[in-house]
Amino acid sequence: MIILESQEFSTKPTSSEQSGIFLGNTKTNKNIDGSYLELSIKAGTKYLVFMTDDIPNEDKLHIHLLDESLDVIDSATIGSMYSTGSFRDYNIRDSNTLTFYFIGETEWKVEILENKEFLFPFISLPKGVSRKRAFSQYFKIYGNPQSEVQ
């Protein structure tokens, strides 16, 4: 995994919910969910992209895995209504694993898989994580967020 600088991979909001992707200074005509680029990583021929909505007190983290053509092959979102998070303290662990903090003082881990795997909807996901593609995954998310209400 290699962290990409803004000169290599960047985004620009196209609406309140999506952003356009730029490689170098070239617009690609590809869009992804989220309005603020937190981090982009090159993992082999794929891109792992972390985007937030930039909404105070309800910020969600969108994690996208893009293929070499910049098409989204997997996507997940961490967050829920009235929860807030700040993407920070990311750390590349090895060639396919990254850890970071976002919501609930939880250390989250994303592991890019070699091949697509079956996913049991609702059972296989940590609390606060949702996916659009309910039955398969190209990356796994690990985390155990605690309730913010005591």
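This chain uses plain numbering: 1 for the first residue, then up along the sequence. Please read these numbers as outputs of a predicted model, since none were measured by experiment. Scope of the values below: all heavy atoms of this structure, side chains included, with no hydrogens, waters or symmetry mates.
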Test: R88 cationic atom under 6.0 Å from F50 six-membered ring centre, within 45° of axis: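 Output no; distance or angle outside limits.
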Among I73, I21, T45, L48, the one residue meeting side chain to side chain contact (heavy atoms under 4.5 Å, CB included) with L66: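 Only one option passes, and that is I21.
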Side-chain ion pair, [X] and [Y], N-O less than 4.0 Å:
X	Y	value
E8	K42	no
K116	D74	no
E107	R93	yes
D71	K30	yes

Just wondering, are more than 12 heavy atoms of other shown residues or ligands nearer than 6.0 Å to [atom1] in [X]?
X	atom1	value
F22	CZ	yes
D94	CG	yes
E68	CD	yes

How far apart are the closest heavy atoms of [X] and [Y], and which atoms are they?
X	Y	value
Y101	D89	CD1-CB, 3.8 Å
D59	F102	O-CZ, 3.5 Å
I112	A43	CD1-CB, 3.6 Å
G24	S10	O-OG, 4.2 Å
I141	W108	CG2-CE3, 3.8 Å
D33	H64	O-NE2, 2.9 Å

Verdict with reasoning, E17 to D53, per side-chain contact (heavy atoms from CB on, under 4.5 Å): CA-CA 7 Å; E17 298 174 354; D53 293 328; over 6 Å; no
Short side-chain donor-acceptor distance under 3.5 Å, T97 and E111: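 The answer is no; no qualifying pair exists.
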Worked check of side-chain contact (heavy atoms from CB on, under 4.5 Å) between Y138 and L65: CA-CA 8 Å; Y138 284 90; L65 186 63; 3.6 Å; yes
Just wondering, do [Y] and [X] contact through their side chains at under 4.5 Å, heavy atoms?
X	Y	value
M51	S19	yes
K140	E117	yes
F9	T11	yes
D67	Y47	no

Pair Y142-T99, side-chain contact (heavy atoms from CB on, under 4.5 Å): steps then yes or no: CA-CA 9 Å; Y142 304 91; T99 59; over 6 Å; no
Could you grab the distance from atom [atom1] of [X] to atom [atom2] of [Y], nearest 0.5 Å is fine?
X	Y	atom1	atom2	value
R131	T77	CZ	OG1	9.5 Å
N115	S136	CG	OG	12.0 Å
L61	S86	CG	OG	10.5 Å

Check against side-chain contact (heavy atoms from CB on, under 4.5 Å), I41 and L98: CA-CA 10 Å; I41 293 176; L98 174 110; 3.4 Å; yes
Ring pair (Phe, Tyr, Trp, His ring centres under 6.0 Å) between F100 and F87, intermediate numbers included: CA-CA 7 Å; F100 60 92; F87 183 81; 5.3 Å; yes
